[in-house]
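For reference, the structure is listed below as structure tokens.
As a basis for the values below, the full set of heavy atoms in this structure was taken, side chains included, without hydrogen atoms, waters or symmetry mates.
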Amino acid sequence: MSIKVLEGYFNAKGFKVVLVIARFNDFITSKLLEGALDTYRRQGGDEGDLTIVKVPGAFEIPLACQKLAASGNYDGIVALGAVIRGATPHFDYVSSEVSKGVAQVSLKYQVPIAFGVLTTDNIEQAIERAGSKAGNKGSESMNTVIEMIDLYQKIQ
């Protein structure tokens, strides 16, 4: 008797993916988007299967994800944003609600959603995660959603 192992692979061919990206902190989120798009192309995805939805800020990401997931038109969603800590507790509220909201949407609609929303203490950390020392979290998020779409299709 052999053990069956299910695992997702990095081949985006035929996967309809939507990217939900916050415009706030665009100097960071635009780099995350570039990384995600580059990765989708490198993983064999067709640009005709991609959609980009721009929302005002990170707080609006879960609502857009919910509407897109409910449509049934997409195999997966990549959520991209940047919440950078400031001098007020606003950071704590936004980052908490965005992460909870995205997770709830993914579970409710059973659609893979990759969480590429940076939550950093300062601008330097955000820059590091948007394509410098710490890699590009947009690229990593795209890889995650591609792998999860493939895995999810195998589980069904």
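- Between L32 and I21, the closest side-chain pair of non-hydrogen atoms is not below 4.5 Å.
- Summarising the local packing, CZ of F59 is surrounded by 12 or fewer heavy atoms from other residues, nucleotides or ligands at distances under 6.0 Å.
- For Y93, the OH atom sits in a loose shell: 12 or fewer heavy atoms of surrounding residues, nucleotides or ligands are nearer than 6.0 Å.
- A heavy-atom distance below 4.5 Å is found between the side chains of M142 and V17.
- A heavy-atom distance below 4.5 Å is found between the side chains of T119 and F91.
- The minimum heavy-atom distance linking S141 with V78 is given by the pair CB-CG1, 3.8 Å.
- For the atom pair L80 CG and F115 CZ, the distance stands at 10.0 Å (nearest 0.5 Å).
- Minimum heavy-atom separation, I146 to A12: CD1-CB, 3.6 Å.
- Here the shortest heavy-atom pairing between V98 and A58 reads CG2-O, 3.1 Å.
- Nearest heavy atom pair, residue A64 against residue V55, reads CB-CG1, 3.7 Å.
- Side-chain atoms of K31 do not come within 3.5 Å of backbone N or O of I127 as any donor-acceptor pair.
- Counting only residues at least two apart or on different chains, the side chain to side chain donor-acceptor pair (under 3.5 Å) pairs with a member in residues 8-20 are K16-D49.
- Two residues are said to be in side-chain contact when any heavy atoms from C-beta on lie closer than 4.5 Å; V105 and L68 fail this criterion.
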